[in-house]
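The block underneath contains the structure these notes are about, expressed in C-alpha cells.
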Amino acid sequence: HPSLARMKIVARDLLNAHRQGTVSSFLRAIQRHADIANIANYSLGEYKSKLKGGQQARYYRGVATFIARYFAEQSRLYPVAKYTLGEATVDANKDILIASKVYLMSGQVYNVTWRMAWRGGAYKVVDAKMLGFSLVYLQRGIFQSYLSKRNGDVNALVAALNR
C-alpha cells in the first residue's frame, strides 16, 4: 500500500527524534507527519464548539507541543533499539492501519498500530495504538477532564498547552 512508503519516513523521523530525545525534535516530526487539526479537534470532544476561530492556531500549536513533550518524556523511559513495519490494511472508515513492532533496548517488544488517513495530498498519522490504548483517546480524556474542572473554559486549556 502506498501509505507504507510514508510510514517508513514517519518511523525514521520518529526514531531520529527519539535518539535526540528533545521536545523540539519530536515537535518537528509531529508537525510534519501528524494530522494535528483533526487530533486537536477530536481531543476537545463536547467542548469543540467553545474553541473560537482566533484560538485555533494557538490551540493546534499547543496540542503539537503537548504530544511532543509526552513523546520526549516517554523516550527516556523506553529506549528504542529498532522497529519493524508490517502490513497495511484499510478499515471501514478508509483509514490505513499499519502494524509495527518496537524493540526496546531492554529486550521488550511492543506492537504498535498506526492509523493513517489521506489529508491534504499526503498520508498523515491520526492515531497510534499500543498495549490496547489509543493515544488520541487518552489525550481526549485528559483534555476533557481538564476542561470539565474549569467549566469548559477552552481559554484555560489553550493557555496551559502553550506554557
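Across all their heavy atoms, Ala40 and Tyr59 have their closest contact at O-OH, 2.7 Å. The two residues Leu85 and Ser100 make their nearest non-hydrogen contact at CD2-CB, 3.7 Å. Of all heavy-atom pairs between Ala64 and Gln31, the closest is CB-CG, 4.3 Å. Considering every non-hydrogen atom in both Gly21 and Ser75, the closest pair reads CA-OG, 3.9 Å. In terms of heavy-atom proximity, Ser145 sits nearest to Ser148 at O-OG, 3.0 Å. Here the closest heavy-atom approach between residue Ala72 and residue Arg76 is recorded as O-NH1, 3.4 Å.
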Let's go through Leu44 and Leu51 carefully: what are the C-alpha distance in whole Å and the side-chain angles of both, what is the deciding distance for side-chain contact (heavy atoms from CB on, under 4.5 Å) to 0.1 Å, and is it a yes or a no? CA-CA 9 Å; Leu44 283 175; Leu51 181 68; 3.8 Å; yes

Give the C-alpha distance, both sets of side-chain angles, the deciding distance and a yes or no for side-chain contact (heavy atoms from CB on, under 4.5 Å) between Tyr103 and Tyr110. CA-CA 7 Å; Tyr103 300 83; Tyr110 290 97; over 6 Å; no

side-chain contact (heavy atoms from CB on, under 4.5 Å) for Ile96 and Thr89? Distances and angles first, verdict last. CA-CA 6 Å; Ile96 312 303; Thr89 58; over 6 Å; no

Let me see the working for Arg12 and Ile9 under side-chain contact (heavy atoms from CB on, under 4.5 Å), right down to the final yes or no. CA-CA 5 Å; Arg12 181 201 64 210; Ile9 297 167; 3.6 Å; yes

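We find the CG-CZ distance between Asn162 and Arg58 to be 4.5 Å, quoted to the nearest 0.5 Å. Remark: Ile30 CD1 to Leu14 CG distance equals 7.0 Å, nearest 0.5 Å. Expressed to the nearest 0.5 Å, how far CZ of Arg61 lies from CD of Gln56 amounts to 12.0 Å. Between the OH atom of Tyr78 and the CD atom of Glu73 there is a distance of 10.0 Å, given to the nearest 0.5 Å. Remark: Ile36 CD1 to Thr65 OG1 distance equals 9.0 Å, nearest 0.5 Å. From Lys8, atom NZ reaches atom CG of Asp13 across 14.5 Å, with rounding to the nearest 0.5 Å.
A donor-acceptor pair under 3.5 Å links the side-chain atoms of Arg140 to the main chain of Tyr42, judged by distance alone. For Lys124 (side chain) and Arg32 (main-chain N/O), a donor-acceptor pair under 3.5 Å exists by modelled atom type. Checking side-chain atoms of Asp127 against main-chain N and O of Val136 turns up a donor-acceptor pair under 3.5 Å. Judged by distance alone, the side chain of Asp95 and the main-chain N or O of Asp91 form no donor-acceptor pair under 3.5 Å. Put simply, the side chain of Ser25 gets close to the backbone of Ala17: a donor and an acceptor are under 3.5 Å apart.
Linking ILVMFWY side-chain heavy atoms closer than 4.5 Å, directly or via other members, places Val125 and Leu131 in a single hydrophobic cluster. Each of Phe133 and Val126 belongs to its own hydrophobic cluster when Ile, Leu, Val, Met, Phe, Trp and Tyr are linked at side-chain heavy-atom distances under 4.5 angstrom. Under the 4.5 Å side-chain heavy-atom criterion for grouping Ile, Leu, Val, Met, Phe, Trp and Tyr, Val109 is not connected to Trp114 through any hydrophobic cluster. Placement of Leu4 and Val90 within a single hydrophobic cluster is found when ILVMFWY residues are connected by side-chain heavy-atom separations under 4.5 Å, directly or transitively. Note: the hydrophobic cluster containing Leu97 does not contain Tyr137 (ILVMFWY, side chain heavy atoms under 4.5 Å, direct or indirect links).
Listed by first then second residue, pairs satisfying ring pair (Phe, Tyr, Trp, His ring centres under 6.0 Å) with a partner in residues 1-28 read His1-Tyr123, Phe26-Phe71, not counting sequence neighbours.
The shortest distance between side-chain heavy atoms of Gln139 and Leu135 does not fall below 4.5 Å. Looking at Met105 and Val80, their side chains never come closer than 4.5 Å, going by heavy atoms from C-beta outward. Side-chain contact between Lys82 and Lys101 is absent, with no heavy atoms from C-beta onward closer than 4.5 Å. The shortest distance between side-chain heavy atoms of Val112 and Lys129 does not fall below 4.5 Å. In this structure, the side chains of Leu147 and Val154 come closer than 4.5 Å at one or more pairs of heavy atoms. At least one side-chain heavy atom of Arg28 sits less than 4.5 Å from a side-chain heavy atom of Gln20. Between Asn38 and Arg119, some side-chain heavy-atom pair lies under the 4.5 Å cut-off. Proximity of Phe66 to Phe143: side-chain heavy atoms (C-beta onward) are separated by under 4.5 Å at one or more points.
Across Leu27, Ile39, Val23, a single residue satisfies side chain to side chain contact (heavy atoms under 4.5 Å, CB included) together with Ile67, and that is Ile39.
Taking the centre and axis of the six-membered ring of Tyr146, the NZ or CZ atom of Arg150 falls inside the cone set by 45° and 6.0 Å.
Open room surrounds CG on Asn151; 12 or fewer heavy atoms of other groups in view lie less than 6.0 Å from it.
Asp153 has no carboxylate O lying under 4.0 Å from a charged side-chain N of Lys50, or vice versa, which leaves the two without a salt bridge.
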